[in-house]
Amino acid sequence: LSNTNLKSLLWIFSNLAAANHDQIQAVIDSGALPLILKHWDSDYRKEVAWTMTNLLSSGTLEQQNYALGIGAIPTLFRYLDDESDPAFSI
């Protein structure tokens, strides 16, 4: 994938993760979430963070537990604690 296509794909997943429970489940069932988390240390971490926060805020308890199980929370904490990106540090 080109950089533009990858960013667009990640943006689509972030929107699906904010949708209804069936669409969130489709994202989970696709197996894409662990792959999305692998893009954390790239130029796309903003899209990764949106995907995970959307899933965690919109998903069912089972869907949220899945996200926790694949490491969404430690990833988000790294995002919030990253002083090299002032837009996302706390």
Got a sec, which residues hit side chain to side chain contact (heavy atoms under 4.5 Å, CB included) with Leu68, two or more places apart in sequence or on another chain? Leu56, Asn65, Ile73
How would you list, by chain and number, every residue that makes a side chain to side chain donor-acceptor pair (under 3.5 Å) with Thr4, sequence neighbours excluded? none
Check step by step if side-chain contact (heavy atoms from CB on, under 4.5 Å) holds for Leu37 and Ile70. CA-CA 9 Å; Leu37 280 177; Ile70 62 168; 3.8 Å; yes
Looking at residues at least two apart in the chain, or sitting in another chain, which of them share a side chain to side chain contact (heavy atoms under 4.5 Å, CB included) with Leu6? Leu1, Leu10, His39, Tyr44
Who are the side chain to side chain donor-acceptor pair (under 3.5 Å) partners of Gln25, not counting sequence neighbours? Asp29, Gln63
Can you list every salt bridge (Lys or Arg N to Asp or Glu O under 4.0 Å) pair that touches residues 4-16, not counting sequence neighbours? Lys7-Glu47
Ser14 meets the side chain to side chain contact (heavy atoms under 4.5 Å, CB included) criterion, sequence neighbours left out, with Trp11, Trp50, Thr51, Asn54
To check you understand the geometry: which heavy-atom pair defines the closest contact between Ala17 and Ser58, and what is its length? O-CB, 3.8 Å
Is the shortest side-chain heavy-atom distance between Ile24 and Thr60 below 4.5 Å? no
Please walk me through it: do Leu61 and Gln64 pass side-chain contact (heavy atoms from CB on, under 4.5 Å)? CA-CA 5 Å; Leu61 183 58; Gln64 294 166 347; 3.9 Å; yes
Pairs meeting criterion salt bridge (Lys or Arg N to Asp or Glu O under 4.0 Å) with involvement of residues 63-72, two or more places apart: none
With sequence neighbours excluded, what pairs up with Tyr66 under the side chain to side chain donor-acceptor pair (under 3.5 Å) test? none
How long is the span from the OG atom in Ser30 to the CD1 atom in Ile36, to the nearest 0.5 Å? 7.0 Å
Listed by chain and number, what are the side chain to side chain donor-acceptor pair (under 3.5 Å) partners of Asp22, not counting sequence neighbours? none
